[in-house]
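Just below is one structure, and these are the notes that go with it.
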Amino acid sequence: MKKNLYVLLIFCTTISGYAQYAGQASSNMSAGGGGGATGQIYDLMGPISERNKKNADMYSAFQGSPYISDTFLPTTMFYGDENMGNIFYRYNALNEEIEIKKSNSEEAQIQSLSRDKKINIVTNGKKMSFKTFTTSKNSTVNGYLTAIIDGKKYDLYKRSYVKYTEGKAAANSFVKAVPSRFSQFTEYYFQKDGINRMDEIKLKNGQLLKLIDDSKKAELKQFLKENDLNIKNEKDLIKVFGFLNS
């Protein structure tokens, strides 16, 4: 266990900078990828806890949160298939950043998990890791995806992210001010076996049919109709990819 914790520190990095809320998520500006087990990942620059203290007062006036969960949750970290030990994590979905600490005490130092694509953590039994993917607008983006289905033919992923909207001051005494807010969104991506590309799924049955091979399209159309499925519902989307992998 001591060895794992030592290696864990190699794979973790702290970040002093913080992306501007009105701008693009920091991960979208990065190249992705990452180093290997030699520790050539990122430089150690300073604890996140210092940054969070500076932002605490500002957050209190905002609606919503940049985090999917404001509390640190237990997880297990892997580098490839190697178990690196148990940690606690909190996902900043605004900046595409996973904050971690070795214990859940308030005194424990908060660090940022390196954006190395071989690193993954387990959330609700599913692996979450840094990926490169293509949105429905054909933009290439780097960020964190959670694997929902690891199938023989198709993999299905879920992305949770946050956008920041700046508030507006009241124009006069008859109009209320609009507070700044964080809003959460969800997207889904799939990857076909043998294809080195992940594409966003527009959550309409007809749009999904356009992404599927012609050989499976007719069967899928019938499956959707017979089971009265709507892929806007995550459970129905999972059923569809279960069918595609059968």
Side-chain angles (χ1 to χ4, degrees), residues 17-35 64 66 68 91-98 113-120 123 126-166 181-221 223-224 229-245:
Y18 202 55
Q20 296 298 317
Y21 295 127
Q24 192 177 24
S26 58
S27 61
N28 293 351
M29 295 183 287
S30 68
I68 298 300
Y91 178 42
N92 185 326
L94 176 72
N95 285 349
E96 302 276 6
E97 178 181 35
I98 294 177
L113 192 62
S114 168
R115 294 187 177 109
D116 183 323
K117 292 182 179 179
K118 289 186 178 181
I119 296 176
N120 65 77
T123 64
K126 305 294 184 181
K127 289 186 176 182
M128 181 179 185
S129 57
F130 195 69
K131 303 283 188 182
T132 300
F133 43 91
T134 304
T135 69
S136 59
K137 296 181 180 180
N138 208 33
S139 297
T140 301
V141 175
N142 294 313
Y144 282 95
L145 298 181
T146 300
I148 299 178
I149 292 179
D150 183 6
K152 294 181 180 180
K153 301 175 184 177
Y154 293 93
D155 295 336
L156 178 63
Y157 297 88
K158 180 177 181 177
R159 180 193 184 201
S160 298
Y161 67 100
V162 167
K163 286 186 177 180
Y164 168 77
T165 304
E166 189 173 357
R181 69 181 185 274
F182 297 109
S183 303
Q184 292 190 15
F185 299 90
T186 302
E187 293 175 344
Y188 296 89
Y189 290 80
F190 83 102
Q191 183 175 19
K192 184 180 177 182
D193 183 53
I195 304 298
N196 187 27
R197 177 183 167 115
M198 298 181 185
D199 288 286
E200 183 181 357
I201 302 167
K202 289 186 177 181
L203 297 180
K204 294 182 179 180
N205 291 1
Q207 293 296 321
L208 177 61
L209 288 168
K210 293 179 180 180
L211 299 174
I212 301 304
D213 292 343
D214 291 340
S215 59
K216 197 76 173 178
K217 195 169 294 186
E219 292 179 56
L220 176 58
K221 187 175 182 179
F223 179 77
L224 288 165
L229 301 178
N230 184 339
I231 65 170
K232 287 184 178 179
N233 184 316
E234 183 177 296
K235 290 183 179 179
D236 286 355
L237 182 61
I238 290 172
K239 289 179 182 177
V240 166
F241 274 84
F243 169 76
L244 291 173
N245 281 307

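Side-chain contact check for Y188 and E234: at least one donor-acceptor pair (N or O, by modelled atom type) lies under 3.5 Å. For the residue pair Q184 / Y161, no side-chain donor-acceptor distance below 3.5 Å is found, with atom types taken as modelled. In summary, the side chains of E187 and Y189 do present a donor paired with an acceptor at a separation below 3.5 Å, with no hydrogens or angles considered.
Counting non-hydrogen atoms of neighbouring residues, nucleotides and ligands closer than 6.0 angstrom, the NZ atom of K221 reaches no more than 12 such neighbours. Summarising the local packing, NZ of K204 is surrounded by 12 or fewer heavy atoms from other residues, nucleotides or ligands at distances under 6.0 Å.
Nearest heavy-atom pair across S160 and A93 is O-CB, 3.7 Å. When every heavy atom of K126 is checked against every heavy atom of I148, the shortest pair comes out as NZ-O, 3.2 Å. Across I119 and S114, no two heavy atoms sit closer than the pair CD1-O, 4.0 Å. For N92 against N95, the heavy-atom pair with the smallest separation is OD1-N, 3.1 Å.
Side-chain contact check for K158 versus L145: every heavy-atom pair is 4.5 Å or farther apart. Residues L229 and K239 form a side-chain contact, since some pair of their non-hydrogen atoms from C-beta on lies under 4.5 Å apart. Side chains of L237 and L156 form a contact here, defined as non-hydrogen atoms less than 4.5 Å apart.
Of the possible polar contacts, one joining the E96 side chain to the Y144 backbone as a donor-acceptor pair under 3.5 Å is found. Of the possible donor and acceptor atoms, none in the side chain of E200 sits under 3.5 Å from a partner among the backbone N and O of T135. Not a single donor-acceptor pair under 3.5 Å links the side chain of R115 to the backbone N or O of S129. Judged by distance alone, with hydrogens and angles left aside, the side-chain atoms of D213 form no donor-acceptor pair with the main-chain N or O of S215 at under 3.5 Å. With hydrogens and angles disregarded, no donor-acceptor distance shorter than 3.5 Å links the side chain of K153 to the backbone of N245. Side-chain atoms of D236 come within 3.5 Å of backbone atoms of N230 as a donor-acceptor pair (strictly under, hydrogens ignored). The backbone N or O of I231 lies less than 3.5 Å from a partner atom in the side chain of N205, making a donor-acceptor pair.
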Stepwise side-chain contact (heavy atoms from CB on, under 4.5 Å) check, M198 with T134: CA-CA 6 Å; M198 298 181 185; T134 304; over 6 Å; no

Test log, rule side-chain contact (heavy atoms from CB on, under 4.5 Å), inputs Y164 and L94: CA-CA 7 Å; Y164 168 77; L94 176 72; 4.0 Å; yes

Worked check of side-chain contact (heavy atoms from CB on, under 4.5 Å) between N120 and M128: CA-CA 5 Å; N120 65 77; M128 181 179 185; over 6 Å; no

Evaluation steps, side-chain contact (heavy atoms from CB on, under 4.5 Å), between D199 and F133: CA-CA 6 Å; D199 288 286; F133 43 91; over 6 Å; no

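Here the NZ atom belonging to K210 is positioned 15.0 Å from the CD1 atom belonging to I201, to the nearest 0.5 angstrom. Remark: D155 CG to I195 CD1 distance equals 12.0 Å, nearest 0.5 Å. Going from atom CZ of R159 over to atom OG1 of T186 covers 10.5 Å, rounded to the nearest 0.5 Å. With values rounded to the nearest 0.5 angstrom, R181 atom CZ is found 11.5 Å from K163 atom NZ. If you take CG on L203 and CG on N233, they are separated by 10.0 Å, rounding to the nearest 0.5 Å. Atom CG of L211 is separated from atom NZ of K217 by 8.5 Å, given to the nearest 0.5 angstrom.
Relative ring orientation between Y154 and F241 is described as perpendicular, the plane-to-plane angle rising above 60° on a 0-90° scale split at 30° and 60°.
For K118 and F130, the positive end is not near the middle of the six-membered ring at less than 6.0 Å and at most 45° from its axis.
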